[in-house]
Peer 1: 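So that we are looking at the same thing, I have put the structure below in structure tokens.
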There are 2 protein chains.
Amino acid sequence: MRLYDSSISGNCYKVRLICAHLELAYERHELSVTDRSNRAEVIGHLNPAQRVPTLVLDDGRSLGESGAILTYLAEGTPYLPEDRFDRAQVMQWMFFEQYDLEPNIAVARFLLKYVDEEPDPQLIEELQAKGHKTLAALERHLCEHPFLAAGKYTIADIAVFGYTHVADEGGFDLDAYPAVKRWIQRVQDQPGHVPIDA
Amino acid sequence: MRLYDSSISGNCYKVRLICAHLELAYERHELSVTDRSNRAEVIGHLNPAQRVPTLVLDDGRSLGESGAILTYLAEGTPYLPEDRFDRAQVMQWMFFEQYDLEPNIAVARFLLKYVDEEPDPQLIEELQAKGHKTLAALERHLCEHPFLAAGKYTIADIAVFGYTHVADEGGFDLDAYPAVKRWIQRVQDQPGHVPIDA
């Protein structure tokens with residue numbers, strides 16, 4: 001398989017993490033997340049959103065969207081449950097992450113850490129407010145559950161972990177979220193875990 | 001089943017549409033999308049994001065996120081394919097919709113049609129630019145495919161149809177996207193189809 005990748009993207013890291021757990025081999029093809037001028041040319045025919053991660057299977061078929069790629073790779077493994085309700089719960093947290101968490105925490109991190117210009121302070125403030133609301137929702141759930149869905153470690157945890165564990169780089173202090181911090185440790189303790197910079 | 005619903009929300013409509021196709025009975029419980037002050041009290045324990053749609057099953061278990069609810073209800077029906085790659089393609093378009101399409105087209109529609117105050121013109125301009133980019137990606141795909149994934153009508157089409165067919169209410173002229181318009185007609189021609197205001 002070939003993964004169109006970015007070493008700093010939490011979305012790409014999710015794919016690398018499930019591949020590490022499943023011991024899947026793949027070729028990494030790094031794309032810039034600051035200069036996107038070659039995107040249409042390189043992955044326009046592979047992914048309608050022209051974003052990384054984009055995965056090309058050995059037979060040439062391709063998939064975009066980290067959540068779809070995780071679902072594909074985890075199908076039939078312990079990381080994606082078979083029970084219909086458990087699966088739907090996994091999906092709930094994955095959609096929650098892409099709709100509520102990523103657009104706030106990942107974008108704040110990107111603007112503060114990877115963009116040269118000084119970011120608009122009002123925008124950062126809005127992203128912080130929305131990001132904290134998301135972290136509070138996570139905290140409430142993780143106070144009562146060891147993992148996000150199905151009572152065990154699944155691709156829902158991988159998806160939410162991607163940016164949550166580097167939220168401090170977006171200016172979020174996780175000390176206010178002790179259950180989230182304990183869950184981060186539980187994820188890092190899973191067999192086959194690799195860090196984002198591996 | 002009980003659906004915490006909003007008659008104007010495209011996300012809720014997706015759930016009502018799959019229920020119509022599958023002839024599933026449920027009770028509708030309308031929540032306001034402009035006054036959200038009672039959300040924590042009414043659905044805080046049912047959905048971490050405290051948004052509609054939220055579905056409560058007959059056994060009391062609940063699900064949030066339209067994409068997760070669609071997956072749950074369509075499991076084992078023709079609207080969610082069994083093949084692993086086909087399923088992942090369905091998921092790709094559903095994540096694309098929630099990440100790229102909904103935050104631009106649905107938000108522009110909401111600000112222009114359902115909020116009393118005059119919206120910030122710069123924000124509307126940004127939403128328009130990003131929304132048109134999404135519609136162009138849809139158009140490219142639908143020029144070559146009758147439906148979004150797996151060569152047939154699936155929950156991917158339902159998810160993307162939810163806000164695309166009312167994009168004109170967000171100021172998007174669909175005449176520039178003839179393949180999208182033909183696909184909208186194909187979706188409306190499906191057996192059991194119901195309109196958003198049914």
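Naming convention: chains lettered A, B, ... in sequence-line order (proteins, then strands); numbering from 1 in each chain.
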Peer 1: Applying a heavy-atom distance below 4.5 Å, give me the residues of residues 126-157 of chain A that approach chain B, sorted by number.
Peer 2: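 Heavy-atom contacts from residues 126-157 of chain A to chain B are A137(A), R140(A).
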Peer 1: For E65(A) and Q92(B), which heavy atoms make the closest approach, and how far apart are they?
Peer 2: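 Of all heavy-atom pairs spanning E65(A) and Q92(B), the closest is CG-O, 3.3 Å.
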Peer 1: In Å, rounded to the nearest 0.5 Å, how long is the span from CG of L63(B) to CZ of F85(A)?
Peer 2: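 Reported to 0.5 Å precision, the distance equals 4.5 Å.
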Peer 1: Strictly less than 4.5 Å between heavy atoms, which residues of residues 67-76 of chain A line up against chain B? Please order them by number.
Peer 2: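 The list, in residue order, reads G67(A), A68(A), T71(A), Y72(A), L73(A), E75(A).
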Peer 1: Do L24(A) and Y4(A) sit in the same hydrophobic cluster, where Ile, Leu, Val, Met, Phe, Trp and Tyr count as joined when their side-chain heavy atoms come under 4.5 Å apart?
Peer 2: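 In one cluster with L24(A): Y4(A), no.
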Peer 1: State plainly whether one hydrophobic cluster holds both F161(B) and V52(B), where clusters connect Ile, Leu, Val, Met, Phe, Trp and Tyr through side-chain heavy atoms under 4.5 angstrom apart.
Peer 2: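 Per the 4.5 Å side-chain linkage, F161(B) and V52(B) are not co-clustered.
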Peer 1: At a heavy-atom separation under 4.5 Å, does S62(A) approach chain B through its side chain, its backbone, both, or neither?
Peer 2: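 Contact with chain B involves the backbone of S62(A) alone.
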Peer 1: Check whether any side-chain heavy atom of Q89(A) lies under 4.5 Å from a side-chain heavy atom of R61(B), and answer yes or no.
Peer 2: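 They are not in contact (no side-chain heavy atoms under 4.5 Å apart), so the answer is no.
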Peer 1: Is there a path of hydrophobic side-chain contacts, each under 4.5 Å between heavy atoms of I/L/V/M/F/W/Y residues, joining V187(B) to L22(B)?
Peer 2: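 The answer is yes; both residues are in one hydrophobic cluster.
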Peer 1: Which one, A49(A), S66(A), P103(A), leads in non-hydrogen pairs under 4.5 Å with chain B?
Peer 2: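 That would be A49(A).
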Peer 1: Distance-only check: which donor-acceptor pairs under 3.5 Å involve side-chain atoms of residues 8-15 of chain B, not counting sequence neighbours?
Peer 2:
from, atom 1, to, atom 2, distance (Å)
S9(B), OG, N11(B), N, 3.1
S9(B), OG, C12(B), N, 3.0
N11(B), OD1, K14(B), NZ, 2.7
N11(B), OD1, Q98(B), NE2, 3.3
N11(B), ND2, E102(B), OE2, 2.9
Y13(B), OH, V194(B), O, 2.7
K14(B), NZ, E97(B), OE1, 2.9
K14(B), NZ, E97(B), OE2, 3.1

Peer 1: If hydrophobic clusters are built by linking Ile, Leu, Val, Met, Phe, Trp and Tyr wherever their side-chain heavy atoms come under 4.5 Å apart, do V180(A) and I105(A) end up in the same one?
Peer 2: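 Yes; tracing contacts between hydrophobic side chains, which count when under 4.5 Å, links both residues.
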Peer 1: How about residues 107-124 of chain A versus chain B: which residues have heavy atoms under 4.5 Å apart?
Peer 2: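 From residues 107-124 of chain A, none sit under 4.5 Å of chain B.
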Peer 1: Atom CD of residue position Q188(B) - does it have more than 12 heavy atoms of other residues, nucleotides or ligands inside 6.0 Å?
Peer 2: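 Yes.
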Peer 1: Hey, would you say the F95(B) and F95(A) ring centroids sit under 6.0 Å apart?
Peer 2: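 Ring centres of F95(A) and F95(B) closer than 6.0 Å.
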Peer 1: Linking I/L/V/M/F/W/Y whenever their side-chain heavy atoms sit closer than 4.5 Å, directly or via other members, would L80(A) and I18(A) fall into one cluster?
Peer 2: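 Yes, because L80(A) and I18(A) connect within a single hydrophobic cluster, where side-chain heavy atoms sit under 4.5 Å apart.
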Peer 1: Just give me the residue among R87(A), M94(A), Q50(A), R51(A) that pairs up with chain B most often, heavy atom to heavy atom, under 4.5 Å.
Peer 2: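 Of the candidates given, the most pairs with chain B belong to R51(A).
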